[in-house]
Structure formats: structure tokens, C-alpha cells
Amino acid sequence: QVQLVESGGGLVQAGGSLRLSCAASGRTFSTYVMAWFRQAPGKEREFVAVISWHGGRTYYADSVKGRFAISRDNAKNTVYLQMNSLKPDDTAVYYCAAANTLTLRTSAKEYAYWGQGIQVTVSS
């Protein structure tokens, strides 16, 4: 079992930056692939970024590539999402998710564990 708690969201102007954190409980955190998803009002949940269990591999949605960076600190049981050059289209509830797999997954249905979500609002 893994429990996930996101923090770091809020309101920021377009062009600004935010860093989301996701703190995980459970001794097996370091063996899980971790990802960030987001869901805007009236839209489906969409993949944002994923990182391998050791942190050596990452993959991003085209919409955030070059602006967002996912990282993890297994000693702290925490995964991060650094978001730069934010746009109003990035406004959404952001979720962190964990999957017990060796491969990077981009489909929400592949993830068994989810945080409660945190709001990110980017004003124009």
C-alpha cells in the first residue's frame, strides 16, 4: 500500500513557476514508477510526466515538454514536479500517482495509487 499527499499548488501568474511535491508513505516507494496527471474542469484526466523507480528515466506529455521537470528523492519518499513558464492552459487539479511496474506508463488506468489532488491556477 502507498498513500500519497500532494502539496505546493496555488495561484500564479502566467510565466511564473511552481513546484509540486508528493509525499509517499510505505517502505516500497523506491520500487514504484511515479507520475503526475492533471484534470481541468470539464476535461478528462491527462498524463503530464512520469519517472522510473530509480529516477534515471523520465517522459513528458508534449504539452509540458521543456517547461516541466519531474524528479524524485527516494530517501525522502517524495516526487516533485517543477513547473516553469506556466500558461493559463496549465490550470487544473494535479494528481500524483504510483504504479508497481518496471516500465513507464502514461495511462491513468495503469496506476493503482492516487493522491487527493491539488489545485494549480494560472492567471493570464
Side-chain angles (χ1 to χ4, degrees):
Q1 282 281 352
V2 176
Q3 292 184 325
L4 305 172
V5 179
E6 300 97 338
S7 62
L11 173 65
V12 64
Q13 288 188 333
S17 299
L18 280 176
R19 188 176 82 155
L20 303 182
S21 298
C22 173
S25 65
R27 292 176 292 176
T28 58
F29 169 79
S30 62
T31 66
Y32 283 76
V33 164
M34 300 296 298
W36 289 94
F37 290 79
R38 67 186 182 186
Q39 188 166 17
K43 294 187 177 181
E44 293 187 355
R45 192 169 298 190
E46 66 173 359
F47 165 77
V48 174
V50 60
I51 188 166
S52 59
W53 66 269
H54 50 74
R57 289 183 296 142
T58 58
Y59 184 75
Y60 298 91
D62 286 344
S63 58
V64 306
K65 202 172 295 182
R67 300 188 297 122
F68 290 12
I70 188 171
S71 61
R72 68 190 295 163
D73 185 338
N74 286 343
K76 296 182 178 180
N77 278 13
T78 302
V79 63
Y80 305 97
L81 185 69
Q82 178 66 44
M83 305 185 294
N84 300 324
S85 301
L86 282 161
K87 306 174 182 179
D89 283 349
D90 295 318
T91 295
V93 176
Y94 283 71
Y95 298 89
C96 113
N100 190 5
T101 175
L102 294 178
T103 57
L104 302 185
R105 305 297 178 100
T106 62
S107 172
K109 63 183 179 182
E110 304 282 358
Y111 289 81
Y113 305 103
W114 292 83
Q116 81 286 354
I118 193 161
Q119 180 70 45
V120 171
T121 303
V122 184
S123 63
S124 56

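Worth knowing before you read on, the calculation uses all heavy atoms, side chains too, and leaves out hydrogens, waters and symmetry mates. Since the structure is predicted, the reported quantities are computational estimates derived from the model, not experimental observations.
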Quick check on the hydrophobic clustering: are [X] and [Y] connected, directly or via other members, by side-chain heavy-atom contacts under 4.5 Å?
X	Y	result
V79	V64	yes
V122	V48	yes
V50	V2	no
W114	L104	yes

Original post:
Is there a donor-acceptor contact under 3.5 Å from the side chain of T78 to the main chain of K76?
Top reply: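 Judged by distance alone, yes, a pair lies under 3.5 Å.
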
Original post:
Distance-only, no hydrogens or angles: does the Q116 side chain make a donor-acceptor pair with backbone N or O of V5 under 3.5 Å?
Top reply: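 Absent.
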
Using the test side-chain hydrogen bond (donor to acceptor under 3.5 Å, both in side chains), find all partners of [X] that sit at least two apart in sequence or belong to another chain.
X	answer
S30	none
Q3	none
T91	none

Original post:
Under 4.5 Å between any side-chain heavy atoms of V120 and M83, yes or no?
Top reply: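 Answer yes - side chains close enough.
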
Original post:
Heavy-atom distance under 4.5 Å between the side chains of T103 and V33, does that happen here?
Top reply: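 T103 vs V33: side chains apart.
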
Subject >> Set of salt bridge (charged side-chain N to carboxylate O under 4.0 Å, His left out) partners for R72, sequence neighbours left out >> reply: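 R72 satisfies salt bridge (charged side-chain N to carboxylate O under 4.0 Å, His left out) with no other residue.
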
Subject >> Pairing residues for R57 by the salt bridge (charged side-chain N to carboxylate O under 4.0 Å, His left out) criterion, not counting sequence neighbours >> reply: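 Once residues adjacent in sequence are excluded, R57 has no partner under the salt bridge (charged side-chain N to carboxylate O under 4.0 Å, His left out) criterion.
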
Drop me the distance from [X]'s [atom1] to [Y]'s [atom2], to the nearest 0.5 angstrom.
X	Y	atom1	atom2	value
F68	L81	CZ	CG	6.0 Å
F29	N77	CZ	CG	5.5 Å
Q39	E46	CD	CD	9.5 Å
D90	S63	CG	OG	7.5 Å

Counterpart residues, side chain to side chain contact (heavy atoms under 4.5 Å, CB included), relative to [X] (two or more places apart):
X	result
S85	R67
S107	K109, E110
A112	none
K65	Y60, D62

Residues 12-23, side-chain donor-acceptor partners within the protein, below 3.5 Å, at least two apart:
unit_1	atom_1	unit_2	atom_2	d
S17	OG	N84	OD1	2.9

Original post:
Around Y113, counting heavy atoms of other residues, nucleotides and ligands shown, do more than 12 lie under 6.0 Å from its OH?
Top reply: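 Counting other residues, nucleotides and ligands, OH of Y113 exceeds 12 neighbours.
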
**OP:** May I have all residue pairs that pass disulfide (SG to SG under 2.5 Å) and include part of residues 43-82, sequence neighbours excluded?
**Re:**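 Sorted pair list comes back empty.
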
Subject >> Sequence neighbours excluded, every pair satisfying ring pair (Phe, Tyr, Trp, His ring centres under 6.0 Å) that has a member inside residues 76-112 >> reply: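 As it turns out, the ring pair (Phe, Tyr, Trp, His ring centres under 6.0 Å) pairs with a partner in residues 76-112, which skip direct neighbours, are F37-Y111.
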
